[in-house]
Number of protein chains: 2
Amino acid sequence: MGTDRPLPDLATLRPAGGKRSSKRDQILNVFLRQQAHLSADELFELVRREKAGIGRATVYRTLQWMVTAGVARKVDFGEGRSRFEPSYRHPRHFHLICANCHRSSEFLSSDVESLIEEIAAARHFAPSQSVVQIFGTCEECRTGKQTPTIDGATTELVFARDALRMAIATERSGLEFYTRAAAMTKDVRGRTVFERLAGEEREHLATLQKRYRELIAQDPQLESRPTFLFFKGAASGLFATGAEQLRKGVNDEQALLIGIECERGSHEFFKRYGERFEDSEGKQVFLEFADEERAHRDLLVREYRSLRERQGRHRRSRRTPIAKRAR
Amino acid sequence: MGTDRPLPDLATLRPAGGKRSSKRDQILNVFLRQQAHLSADELFELVRREKAGIGRATVYRTLQWMVTAGVARKVDFGEGRSRFEPSYRHPRHFHLICANCHRSSEFLSSDVESLIEEIAAARHFAPSQSVVQIFGTCEECRTGKQTPTIDGATTELVFARDALRMAIATERSGLEFYTRAAAMTKDVRGRTVFERLAGEEREHLATLQKRYRELIAQDPQLESRPTFLFFKGAASGLFATGAEQLRKGVNDEQALLIGIECERGSHEFFKRYGERFEDSEGKQVFLEFADEERAHRDLLVREYRSLRERQGRHRRSRRTPIAKRAR
DNA sequence: CTAGGTGCAAATAATTTGCAGAGGC
DNA sequence: GCCTCTGCAAATTATTTGCACCTAG
């Protein structure tokens, strides 16, 4: 398990501020291979087991340095000593901590993050890091029965799974939006655009689902593992609201504008989230999806311009069209 | 300042599990008078200043006991030592912690709380306590200029202020809802009910605003102090959604049902929040408001029943699609 | 009378520091 | 050669414990 996980390039991770060092690399190496939250002393033990002659103080000093360098993050579960975790994978994440078995499990929540940002902004506070810890009793300690978990070895997979789930939900909602928009658009060209987008969504949906199935195949338990990434907006968000607006009745132009707005928002979201993470399948999914959304938006924008132009031409008498291709 | 803040009854706070004790009361007393987050040693210093002959160990033991007894809460700001805060005032609250000046400031957020609950539920985790800490730089450290703060002496006032603000926002939104509902309701009796409710909202709104002004008069800076209680749903929540639905067009019966739903939700929220806190003006506001919402809901329910009854009587001549309400 | 509370000093535990020597640039 | 890193041991800091003594019920 796990030792074969691709480690990030040490040179990249170790920023300026210290000498090349030999021992540091040793310690860093051992540290990065771990998947649990280590205490300084546990790390010391591990290091000494691999190579004798490294002092405890050095481990402490190296940990300090790793934290200031941003390679490691210090977490405090209230045990009276600090634990450390590599920070390269998920820049921000939060913890569920079982008061009984002392194990911790991680999660991401873009909803919590944005609330925190809002609150900080309201207080004119410049946030640098936030800690969210939910203490309580885990399912296993409560019911006794063992349930699939997310450990270091599976985090990547689960993250990818959740990214895909979000993308699929958004895609579904987009498909519904475009289908509805196509059905109600009067302008022929506009309708064609919506139909084309609906088609693309359908196609891409199929791709995503295939990819999802492939991912699932990598770990038979993957689907039953707990949610890692919480985000309420994916399915119930932009496109759903857009479809809602369509239902109330709008004209062709408005439908296009709504579509543009949805794609823009969706693109922003996926891009922002995708950029937050280190290389991984999940990041990939986010970024690809962001790209697709932008392409769609561009298409809609072109169509919107064209519609306006044709309307303008019609409204006046007839003028020579200037086929301006945006990009 | 501040020593005259009414202290909660010691007998109530000190639960079974220990002897009457004399020193403990001393320590507890000093502790409860404080408004800052004390470290064990700081408390020891304070206690020894008031009465010599109390050992450091006793302070530590008493703090431990206070925590298990639920009188105090242990907070960890990552300084390598624990701090403690009395837990009687706000059962749950979170912290903004300035990494520069090491001061911390508190906030409440029902939004964060509910997200946390959702996440815990999704993970089948039974949460008991949650910690949210936002580390960063406070406004004062960043800009140098001093801004009004929330300290122990003003927390109660600010909490009451925010409770009132929420109530006022909800009331406003309710007023709009009922005004709109009254305007579009065809049934005379139903319209009268909506008008009456609109009237009540208007009246209560005036009361709340008066109360708000009185509160503000107690502290000239009160209005400019930062937000303590974050809750997005108050103004933009239930009633606003309800009004939105009205705008889309509904019949009398549906309008009543929407009203009932809004009042129910609103009542639940204010009740739940009101129950969470120790005696204070803010709690008062929440509970009173909860009561009012329930009264309104009851009125609407009665009216709804009456309408159904009357419709039943004239069933054959009226076009009455009976919207089945599940839930 | 007796269980639990208390002070003091000593013990732990986690982490830091002083200092002489080693190693990278 | 200079400056930083490193190991070791000693120091510091926060907190706990052992133990003889006290006090409320």
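In what follows, chains carry the letters A, B, and so on, assigned in the order in which the sequence lines appear, proteins first and then strands, with residues in each chain numbered from 1. These numbers were taken from a predicted model, which means no experiment stands behind them.
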For B:Leu38 and D:dT15, what is the distance between atoms CG and P respectively, to the nearest whole Å? 13 Å
Expressed in angstrom and rounded to an integer, what is the separation of B:Gln26 atom CD from C:dT6 atom P? 10 Å
Between NZ of B:Lys23 and C1' of C:dG4 the distance, given in whole Å, is 14 Å
What residues, two or more places apart in sequence or in another chain, satisfy side-chain contact (heavy atoms from CB on, under 4.5 Å) together with A:Arg92? A:Glu113, A:Glu117, A:Arg276
Non-neighbouring partners of A:Arg83 that pass salt bridge (Lys or Arg N to Asp or Glu O under 4.0 Å), sequence neighbours left out: A:Glu42, A:Glu79
Quick check: does any side chain N or O of A:Arg81 sit under 3.5 Å from a backbone N or O of A:Asp76, one acting as donor and the other as acceptor? no
How would you list, by chain and number, every residue that makes a side-chain contact (heavy atoms from CB on, under 4.5 Å) with A:Thr147, sequence neighbours excluded? A:Glu139
Spacing of B:Arg24 atom CZ relative to D:dT23 atom C1', expressed in whole Å: 13 Å
Rounded distance in Å - CH2 (A:Trp65) to C1' (D:dT4): 13 Å
Please list all pairs meeting side chain to side chain donor-acceptor pair (under 3.5 Å) that have one or both residues in residues 118-138 of chain A, counting only residues at least two apart or in different chains. A:Glu118-B:Lys232, A:Arg123-B:Ser105
I'd like to check the salt bridge (Lys or Arg N to Asp or Glu O under 4.0 Å) partners of A:Glu223; sequence neighbours left out, ordered by chain and number. none
Give the B/S/- string for nucleotides 13-22 of chain C, one per nucleotide from 5' to 3', where a protein heavy atom under 4.0 Å of the base yields B, of only the sugar-phosphate yields S, and otherwise -. -SBBBB----
Rounded to the nearest angstrom, tell me the gap between atom CG in A:Asp25 and atom C1' in C:dG23. 14 Å
